[in-house]
Amino acid sequence: MSTYSEVLSQAQNLTLEEQQQLLEVLSALIRQRVTTQTQGSSEKLLSNNLKRWRGFLPYRVDALEFQLQLRK
């Protein structure tokens, strides 16, 4: 596995066109990782919120009927 300094040195020896292409590929890779991590975090947050409210409204109660009763 190459170290950061080795990769940087190799990147400096590339042509301008190759450096731009490398930059585009690295940017896409980073965006993909950030998107994946963000989706994982939001799904986990949503899952935790749903679990928190699960005991509030039992499964045997109709949600619409419960809401109408609250409004009365």
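Residues take their numbers from the sequence shown, with the count starting at 1.
Hydrophobic cluster membership for Leu64: Leu68 (Ile, Leu, Val, Met, Phe, Trp, Tyr linked by side-chain heavy atoms under 4.5 Å, directly or transitively). Leu23 shares a hydrophobic cluster with no other residue; no ILVMFWY side chain has heavy atoms under 4.5 Å from its own. Cluster partners of Tyr4, by chain and number: Leu8. The rule joins Ile, Leu, Val, Met, Phe, Trp and Tyr whenever side-chain heavy atoms lie under 4.5 Å apart.
Among residue pairs with one or both ends in residues 13-23, those qualifying as side-chain hydrogen bond (donor to acceptor under 3.5 Å, both in side chains) are Thr15-Glu18; sequence neighbours excluded.
The neighbour count for Gln32 CD, taken as heavy atoms of other residues, nucleotides or ligands under 6.0 Å away, does not exceed 12.
With sequence neighbours left out, Ser27 forms a side chain to side chain donor-acceptor pair (under 3.5 Å) with no residue at all. Under the side chain to side chain donor-acceptor pair (under 3.5 Å) criterion, Gln69 pairs with Glu65, not counting sequence neighbours.
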